[in-house]
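Notes follow the structure.
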Amino acid sequence: MNIASDPRSLSADSLPSPEADQAAALAAANGVLTIDLDALVANWRKLEKTAVPAECSAVIKANAYGCGVAPVARALAAAGCKTFFVATPEEAAAARAVLPSAVIYVLNGLIQNNGDAYARIDARPVIGDLNELAEWDVFCRRTGWAGGAAIHIDTGMQRLGLTITEAQGLIPRIHAGDHGISLVMSHLACAENLHHPMNARQLAAFRGIASEFSGVPASLANSSGIFLGSAFQFDIVRPGAALYGVNPTPEADNPMLPVVDLKARVVQIRDVERGEGVGYGGNWTARRPTRLAIVSAGYADGYFRAGSSNDGTRGADVIIAGKRCPVAGRISMDLMAVDVTDLERNMVRRGHQATLIGGGITVDELAHHFGTIGYEVLTSLGTRYARVYKSETTGS
């Protein structure tokens, strides 16, 4: 990459191309997060097929679960997705910038005195409180806005949503027509557990109230809910984490393709003697003469400290030179040590890449080591990684 103290002194011919810029950025990056857009689209198509005849939307909140809202939204829209869900108006604005004609719902509802923010980008709030609904109605009457809104009904999650009784109070409005409600929805609390009794209770409650919203599309199923069967699918399903490769059926094999691959750079190789402690606290002790690869990723990059190891507990694995190698000691903010003693000495050196996700290490496996869920792993992947988008369809 050409560097000058005054960029204006560079001629047009000497300016780097976008491809050269990307190559230089990747060469300098401590870590690279690769997002496979073809796998993402394949996951959406599988979910769409599973939910037929229901419409399959896509949840792209939290920067598309850390994968990048613009490329993800474009790929899904090109595949045929027409309805998207985000969490905030800011996320809706980012989505609208690349989705000029899609329906966009804002799950966290209407921010007080901010109706204009939704109308300006043609986004629909998901309303879960009667005060919100009253404010939205006033805004629509005052401005003439008729973009629609969803009604969220709580069926047992106890997070957002009107009570069943409050929702029943809206039935006369539905019967009167011109009600401005474009969707009625609820959210499953335990869908990842196939046999949890809460699923049947929520289904019964939602089916009963949704049937009173005559002519209004209904939505209950999240990623895992899609696999509970057709009774849960209604008119629109709302997959999120499953699109990005997280297992929506944790009691069975993962039906989704992996979407993310994460690599970080080896910045040093060092030898430690038997009996030496490694890392903060020194609570991982070398039981033999040990070679360590120091890898440039840590908890500031979303590789959680909970993946650490000590003398009594094995931590997470990474892949170096095609083989699994265990984390040695505590993961720190920017670095981790990996035991590569079992690799031949010439198989790993400074500048090589360690695979943190990919090559058989799944997001769900890493989540297990971290004591959390794949959702948190994906949305925590840090900003210091260079992001690369792979797609044979688009040629990227």
TODO: Please step through side-chain contact (heavy atoms from CB on, under 4.5 Å) for the pair Phe234 and Arg207, ending with a clear verdict.
DONE: CA-CA 9 Å; Phe234 291 88; Arg207 182 190 287 133; 4.3 Å; yes

Open item on the list: In this structure, would Met336 and Val278 fall into the same cluster of hydrophobic residues linked by side-chain contacts under 4.5 Å?
Closed with: no

Task: From CA spacing to verdict: ring pair (Phe, Tyr, Trp, His ring centres under 6.0 Å), Phe139, Tyr118 - done: CA-CA 11 Å; Phe139 169 77; Tyr118 300 77; 8.4 Å; no

Task: Derivation and outcome, side-chain contact (heavy atoms from CB on, under 4.5 Å), residues Arg387 and Leu381 - done: CA-CA 11 Å; Arg387 280 164 165 76; Leu381 295 177; 4.2 Å; yes

Open item on the list: Side chains of Glu251 and Asn193, heavy atoms from C-beta outward: is any pair under 4.5 Å?
Closed with: yes

TODO: For the pair Arg384 and Asp334, find out whether any cationic side-chain nitrogen is under 4.0 Å from an anionic carboxylate oxygen.
DONE: yes

Open item on the list: I need the minimum non-hydrogen distance between Ser308 and Val327, along with the two atoms involved.
Closed with: CA-CG1, 4.4 Å

Open item on the list: So does Asp253 get a backbone contact from the side chain of Thr249, meaning a donor-acceptor N/O pair under 3.5 Å?
Closed with: yes

Open item on the list: How close do Val246 and Val363 get, counting heavy atoms only, and between which atoms?
Closed with: CG2-CG1, 4.1 Å

Open item on the list: For a quick test of reading the model, state the closest non-hydrogen atom pair linking Asn247 to Pro255 and the distance between them.
Closed with: OD1-CD, 3.5 Å

Task: Ser391 side chain vs Leu37 backbone, donor-acceptor pair below 3.5 Å - done: no

Open item on the list: Would you compute the distance between atom CD1 of Ile209 and atom CG of Asp154 and round it to the nearest 0.5 angstrom?
Closed with: 12.5 Å

Task: Full working for ring pair (Phe, Tyr, Trp, His ring centres under 6.0 Å) between Phe370 and Tyr303 - done: CA-CA 9 Å; Phe370 292 167; Tyr303 200 94; 5.2 Å; yes

Open item on the list: Quick check against the 3.5 Å criterion: does Glu166 have a side-chain atom that pairs as donor or acceptor with the backbone of Leu162?
Closed with: no

Open item on the list: Quick check for you: to the nearest 0.5 Å, what is the distance between Leu160 atom CG and Ser186 atom OG?
Closed with: 10.5 Å

Open item on the list: Around atom CZ of Arg142, are there more than 12 heavy atoms from other residues, nucleotides or ligands closer than 6.0 Å?
Closed with: yes

Task: Cluster link Leu220 to Met198, ILVMFWY, side chain under 4.5 Å - done: no

Task: More than 12 heavy atoms of other groups within 6.0 Å of His179 NE2 - done: yes

- [ ] Would you confirm whether Asn283, through its side chain, and Asn310, through its main-chain N or O, come within 3.5 Å as a donor-acceptor pair?
- [x] no

Open item on the list: Would you say that Asn254 contacts Pro248 through its side chain, given a criterion of any heavy-atom pair below 4.5 Å between the two side chains?
Closed with: yes

- [ ] Give the cluster check for Val272 versus Ile331: same hydrophobic cluster or not, with ILVMFWY residues linked at side-chain heavy-atom distances below 4.5 Å.
- [x] no

Open item on the list: For the residue pair Thr341 / Asp339, report whether a side-chain donor-acceptor contact shorter than 3.5 Å exists.
Closed with: yes

Task: Side chains of Ile111 and Pro89 in contact at under 4.5 Å (non-hydrogen atoms) - done: yes

Open item on the list: Could you report the tightest heavy-atom contact between Gln112 and Glu135, atom names first, then the distance?
Closed with: C-OE2, 3.4 Å

Open item on the list: Can you confirm whether Ile35 sits close enough to Leu33 that some side-chain heavy atom of one is under 4.5 Å from a side-chain heavy atom of the other?
Closed with: yes

- [ ] Examine Leu292 and Leu356 and state if one hydrophobic cluster contains both, with Ile, Leu, Val, Met, Phe, Trp and Tyr joined whenever side-chain heavy atoms are less than 4.5 Å apart.
- [x] no

- [ ] Evaluate whether atom CE of Met333 has more than 12 neighbouring non-hydrogen atoms of other residues, nucleotides or ligands under 6.0 angstrom away.
- [x] no

Task: Whether Arg96 side chain and Ile121 backbone form a donor-acceptor pair below 3.5 Å - done: yes

Task: For Ile226 against Pro239, the heavy-atom pair lying closest together - done: CD1-CB, 3.9 Å

TODO: Check whether any side-chain N or O of Ser296 sits under 3.5 Å from a backbone N or O of Arg265 as a donor-acceptor pair, and report yes or no.
DONE: yes

TODO: Tell me whether Leu130 is reachable from Ile153 by hopping between hydrophobic residues (I, L, V, M, F, W, Y) whose side-chain heavy atoms are closer than 4.5 Å.
DONE: yes

Open item on the list: Rounded at 0.5 Å granularity, tell me how far CZ in Arg173 sits from CZ in Phe213.
Closed with: 9.5 Å

TODO: To the nearest 0.5 Å, tell me how far Asp261 CG sits from Asp36 CG.
DONE: 9.5 Å

Task: Heavy-atom donor-acceptor pair, Arg124 side chain to Gly147 backbone, under 3.5 Å - done: yes

- [ ] Would you check if Asn30 and Asp301 make a side-chain contact, meaning some heavy-atom pair closer than 4.5 Å?
- [x] no

Donor-acceptor contacts under 3.5 Å from residues 56-84 side chains, at least two apart:
| unit_1 | atom_1 | unit_2 | atom_2 | d |
| --- | --- | --- | --- | --- |
| Ser57 | OG | Val237 | O | 2.7 |
| Asn63 | OD1 | Val69 | N | 2.9 |
| Thr83 | OG1 | Glu55 | OE2 | 2.6 |

Open item on the list: For the CD1 atom of Ile320 and the NE2 atom of His352, what is their distance to the nearest 0.5 Å?
Closed with: 10.0 Å

- [ ] Just do the side-chain contact (heavy atoms from CB on, under 4.5 Å) check on Leu133 and Ile151 with the steps written out, would you?
- [x] CA-CA 9 Å; Leu133 181 58; Ile151 296 295; 4.1 Å; yes

Open item on the list: Tell me whether Arg270 contacts the main-chain N or O of Ile294 through its side chain, where contact means a donor paired with an acceptor under 3.5 Å.
Closed with: no

Open item on the list: I'd like to know whether Gln168 forms a side-chain contact (heavy atoms from CB on, under 4.5 Å) with Glu212, so could you lay out the CA-CA distance, the side-chain angles of the two residues, the decisive distance to 0.1 Å, and finally the verdict.
Closed with: CA-CA 8 Å; Gln168 287 170 336; Glu212 299 288 344; 5.9 Å; no

Open item on the list: Testing the basics here: between Arg305 and Tyr299, what is the closest heavy-atom pair and its distance to 0.1 Å?
Closed with: N-CB, 4.0 Å

Task: Point-to-point distance, once rounded to the nearest 0.5 Å, from OG of Ser224 to CZ of Phe232 - done: 11.5 Å

Open item on the list: With a 3.5 Å distance limit and no angle check, can you tell me whether Thr34 reaches the backbone of Val388 through a side-chain donor-acceptor pair?
Closed with: no

